[in-house]
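In what follows, a single structure is set out as structure tokens and then discussed.
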Amino acid sequence: MEPVGPATRFRLAPNVRMECFADGTAILFLPQAEETLSLNATAALLCSYADGNHSLGEALSQLQEVFPDANPLLADFVACGKELAARGFLHWL
Amino acid sequence: MSEGYDGEWVVLSSRFRLGRGTGRELSRQIGLLLAGFEPTLAGSPGGDASLRVTVEGHPGEPGWAVFTRGDGHIERRPLQRVGAAAVEHAIISRAVEGERHNVVLHAAAVQHSGGAALLLGDSGAGKTTLSLLLRHAGLHLLSDDISPMDPATAEVLPFPRSIHLDGAYPAEVRESLPPLPRGLPPERVPFPPPTAARASEKDSRRTAAPAPVAVRHIVVLGRATPGESRTEPLQSAEAVQHLLRSVIRGEKRDLATVLPALFRLAGTARAHRLLTSGPLEARDAALALLRTPGEGAPPSPSLS
């Protein structure tokens, strides 16, 4: 597989459920493993683009549009995505 | 609340009845410890499982609590030392593990004018102490250790099991509790009766099921060094993780059936972490938190 970068598309793993809250945070739930993961608002936003149609770079652009004062780095997104993938919640395409 | 041995109690979805052959004194003591649970409640969920409890063994020695269902099925639970406290523990454990309707949380709960506050924390975090101190301050005690929650509404129910005082407690705690009945071990106190106002309210609905209470606050207890005490807001996702750690998983209850209720709860209650260096400080911080205007409102959107 190619290295993960701005053009890499991604999606939540099959069966992963995402519950979003009014404060922007979210919970990911993997039923078969009975595992949960709590996401802060930035990670939740990243996962909201995990539909297989968006790339990491596009997700980052969207985040900067929604939160112009925020300054997230692509490297942070990549690291977050890799952790989610390592824990079975996300797949790279 | 019954004064003594009634011989039959509804605990969650199970109905327990002491079998003949349990000694008179042991029966009386078990009855005192379970007196908070109403023996007959119209509309209560009791009766899903009706169990006869018999005790095998001699007082103070290892023995068994034997649960016999109506269909003859028998379950045996070991008792480290035959006595009222061990039998009560076996009954409560059986009720919690066999619960099929409510989600059961390892949490204390108190009721204030705005609703209920769930107090979460590991064993030894101070749930019992804080809940009794809040009762002493005028709040209504729902439970000091175990809180059932209706998964459909995310409301909590009272759980009036006996109080386990197995450590050092502020003077206010001991003073606020009724005198210990004869024969009970000093670390087991029957669930304290409601305040006078609550008592008359309770009498008026004696034949009704315990009223569920909407949860407005989730308070996670933690320790801080002196001078470093603080109250921190928790985001909803963090609150869910704390709630998840507090769920007592019963038979055949998987996470997927529990999560929707926790999501609902975390989405509607305000959650905070209370870091304090002592019980009285925790009480003052909790009272300040519970009396903050705007309770029940979700936190403002933020980015972290």
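Residue numbers begin at 1 in each chain, while the letters A, B, ... track the order of the sequences.
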TODO: Grab the two heavy atoms, one from B/Ala237 and one from A/Ala26, that are nearest each other, plus how far apart they are.
DONE: CB-O, 3.3 Å
- [ ] Give a yes or no on this: more than 12 heavy atoms of other residues, nucleotides or ligands lie within 6.0 Å of atom CG of A/Asp51.
- [x] yes
Task: B/Arg223, CZ: over 12 other non-hydrogen atoms inside 6.0 angstrom - done: no
Open item on the list: Quick check on B/His89: does its NE2 atom have over 12 non-hydrogen neighbours (other residues, nucleotides or ligands) under 6.0 Å away?
Closed with: no
TODO: State whether the side chain of A/Asp23 and the backbone N or O of B/Gln235 hold a donor-acceptor pair below 3.5 Å, judged by distance alone.
DONE: no
Going by atom type alone, with no hydrogens or angles, which donor-acceptor pairs under 3.5 Å involve a side-chain atom of residues 259-267 of chain B and a protein atom two or more places apart or on another chain?
unit_1   : atom_1 : unit_2   : atom_2 : d
B/Arg264 : NH1    : B/Ala152 : O      : 3.3
B/Arg264 : NH2    : B/Ala152 : O      : 3.1

Task: Verdict with reasoning, B/Glu238 to A/Thr25, per side-chain contact (heavy atoms from CB on, under 4.5 Å) - done: CA-CA 8 Å; B/Glu238 294 176 291; A/Thr25 62; over 6 Å; no
TODO: Assess the side chains of B/Gln241 and A/Thr36: does a donor N or O sit below 3.5 Å from an acceptor N or O?
DONE: yes
Task: A/Glu34 side, atom CD; B/Leu244 side, atom CG - distance, nearest 0.5 Å - done: 10.0 Å
Open item on the list: Please check if the number of heavy atoms outside B/Gln80 that lie under 6.0 Å from its CD is greater than 12.
Closed with: no
- [ ] Spell out the residues in residues 12-21 of chain A that have some non-hydrogen atom less than 4.5 Å away from a non-hydrogen atom of chain B, in order of number; otherwise answer 'none'.
- [x] A/Arg17, A/Glu19, A/Phe21
